Each structure stands twice: as structure tokens, then as C-alpha cells.
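See structure below.
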Amino acid sequence: MRHFLTLKEYTKEEILEIIELGFKIKKKLKKGKLKPYLKKQTLAMIFEKSSTRTRMSFETGMYQLGGHAIFLSSNDSQLGRGEPMKDTARVVSRMADMVMIRTFSQESLEEFARYASVPVINGLTDLYHPVQLLADYMTMIEHSKAKDPVVAYVGDGNNMTHSWMWLAAKLGFELRIATPKGYEADSMVIQETLTEAKKSGAKITFTYDPKEAVKDADVVTTDTWISMGLEEEKEQRIKDFTGFIVDEKMMALAKKDAIFLHCLPAYRGYEVSEAVLEGPQSVIFDEAENRLHAQKGLMVWLDKQRDKE
Ligand code: CP
Ligand code: NVA
């Protein structure tokens, strides 16, 4: 049985297999020929933070695969009243076939997975957002004209940055990260991904100059400056991120046919301008839709691993 917690625990071949399955399922759905791969299965979705896309895509995805999803929020489940993760994990595992969790610390997700007896999927933690990267990579394949796209990430060194770093390190592409001073990626993630990059041939570089990162890039991406849980830092962060907006001037430094990605929700006028977000290079809504297809690929893949036991 496998969990999907970081991307770190996956090989290049496995990541590509999941993506491939996502594309196959997307095609079948569009032709009206999607098989109920997960017939009568239940996905438990535990949310300790807000969500639009993750909830919609997992719930709809599970339904399209012939299964059913249950939404549990910490506000109205016993988790919010202090029931430990390890107890919740064992209870939920007795009733559901798979679990997706969105929580704060990566440690509590990993604790849940240690106690669970069904596959556990990371639906976002403070450290990582790996399911988003499956959709982002599908979108890159669909829209980027470059053979080996160079990706520039501009903004906060956060869960999205860390997942981009693992994706690049595993798949072997070039990723340039520009953050303001004091908002760099996590040092442990830097160390581990750079070690992995040596094996895969990936090039991961860091700068404090967003223009340097974006110059001639094929894919430009960013994320909110104020991730969930950091609301109190809003005022300070807005000051510290001056110059990091992806606007038309910044986008003009990238390749002419570069694409713009954003995991969403986006904050216009902060990390990205209205013109870029709504402009011809932006593929953000295809990216959002790909959450649905990529995660169906992931759930079917995880289910298959269980069959191999
Ligand atoms: N990108 C993403 O995970 O969106 P939600 O927070 O709406 O789920
Ligand atoms: N970095 C953002 C991603 C939201 C999908 C957050 O954690 O809030």
C-alpha cells in the first residue's frame, strides 16, 4: 500500500505513470467512456483549512470514478475538539477506502499516515502541496511549446515552492526560484532536493532577483504571499514582497510563448496583476481543471498498488 505525502517518496517513473493515467482518464471522460475504476469506494476528505478546488476536484473525481466522498471539516468533526490524529486515522481507515487530508503540519499528516491502513493523500500542508503539482505538470505538457521547459517561480518560499522543487528534482528540469530575503524555501527541502537533482540532472537555482529568474523562462508561476495560517503577517509581507508581482513587464522578460501558472486562489495586484492573470499567456483555469483529472489518475494508481499486495 502506498501513500502520497510529498513527491519525495516517488520515482520519476511513478510520477509519470500517474500523469499518464490522468491524461488517459481525462480523454475517456471527455468521450463519455470513463470506467468506474473505484466503484463503491469511499474517499474521506479531512479539511483543517479552507478549500475550493481541492474539495471540488476530489469529490467530483471520486463520483466520476463510481465512488463516493465524505467531507469532514475540523470545525464540525471531533478533530476540532481534540481527538488525536492517530485515533481518527484508525477509525476513518475502518470505514473509508482512501483518505485525503489538508492540514497544517506535515508531521501530523505523516502521523495520520502511519496509523492509517488505507492510502493517505496530502491535500496540502504548510510544507507541501504535491497534488497541485500533478495538475501543474499536466498543464505544462498540454500548453508549453518548449521541449524542456524552464520554470521560474516568483514569490514566497512556501508549500508550492517546495513541491515544485521536488517535481524538478525528480523529473530533471530547470527550476529557478526568486524569493525576497527572509522568505527563502525551507533549508531541509533545499538540501534534499539539491542532492536528488544531482542524480536526475535537474538544475534548481535560487535568487533574490525575480527578473533574473524569469528571463527567458518557458513557464512563469507564483502563489499567494500570504498562505493559509499566515494572515497575521499580511501587512509585513506586502511590504517585503515589493517588486515581486508578476505583471506584464515581468512576463515580458520570459520567452514570448511562455505560459503563466497559478495554483489559485490568486490575489490580483499582489503576487500577480489582473492583466497577466486574465491575459493570453495565462492557463490557470485549464490548470485548475487538471486537478480533477490528475487526482483521479492518482487515486486509481494508489488503488492499483493495493491490488498488487
Ligand atoms: N489550489 C488549491 O489547492 O485550491 P483550494 O485551496 O481552493 O483547494
Ligand atoms: N500556499 C497557499 C496555497 C493555496 C492553495 C496556501 O498554503 O495557502
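Please read all numbers here as calculations on a predicted model, not as lab measurements. Counting convention: from 1, in listed order, for ligands and their atoms alike. For the numbers below, each heavy atom of this structure counts, side chains included, while hydrogens, waters and symmetry mates do not.
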Contact set, ligand 1, heavy-atom distance under 4.0 Å, ordered by chain/number, equals Ser51, Thr52, Arg53, Thr54, Arg102, His129, Gln132, Cys263, Leu264, Arg291
Notebook entry, point to check: So, Glu212 and Arg176, do they make that salt bridge, N to O below 4.0 Å?
Noted result: no
Residue set satisfying side-chain hydrogen bond (donor to acceptor under 3.5 Å, both in side chains) with Gln236, at least two apart, ordered chain then number -> Asp240
The ring pair (Phe, Tyr, Trp, His ring centres under 6.0 Å) partners of Phe241 (sequence neighbours excluded) come to Tyr183, Trp225
Side chains of Val246 and Phe260, heavy atoms from C-beta outward: is any pair under 4.5 Å? yes
List the steps and the verdict of ring pair (Phe, Tyr, Trp, His ring centres under 6.0 Å) for Tyr10 and Trp301.
CA-CA 12 Å; Tyr10 278 71; Trp301 190 89; 5.5 Å; yes
| message | Could you walk me through whether Thr161 and Asn158 satisfy the side chain to side chain donor-acceptor pair (under 3.5 Å) test, starting with their C-alpha distance in whole Å, then the side-chain angles of each, then the deciding distance to 0.1 Å, before giving a yes or no? | response | CA-CA 5 Å; Thr161 326; Asn158 64 12; 3.1 Å; yes
Numbered in order shown, the ligand 2 atoms found under 4.0 Å of a heavy atom of Leu124 are 3 (C), 4 (C), 5 (C), 7 (O)
Of Lys145, Lys255, Lys256, Lys147, the one forming a salt bridge (charged side-chain N to carboxylate O under 4.0 Å, His left out) with Asp218 is Lys255
**Q.** Pair Asp126 + Lys49: basic N to acidic O under 4.0 Å
**A.** yes
For Ser227, the ligand 2 atoms with a heavy-atom partner under 4.0 Å come out as 1 (N), 2 (C), 6 (C), 7 (O), 8 (O)
If we number the atoms of ligand 2 from 1 as shown, the ones under 4.0 Å from a heavy atom of Asn159 are 1 (N), 2 (C), 6 (C), 7 (O)
Quick check: Leu264 and ligand 2, any N/O pair under 3.5 Å apart? no
The protein heavy atom nearest to atom 8 (O) of ligand 2 is Met228 N, 2.8 Å
If you compare Asp223, Leu127, Thr52, Thr125 by their heavy atoms, the one closest to atom 3 (C) of ligand 2 turns out to be Asp223
Hits for ring pair (Phe, Tyr, Trp, His ring centres under 6.0 Å) against Phe71, two or more places apart or cross-chain, chain-then-number order -> Phe47
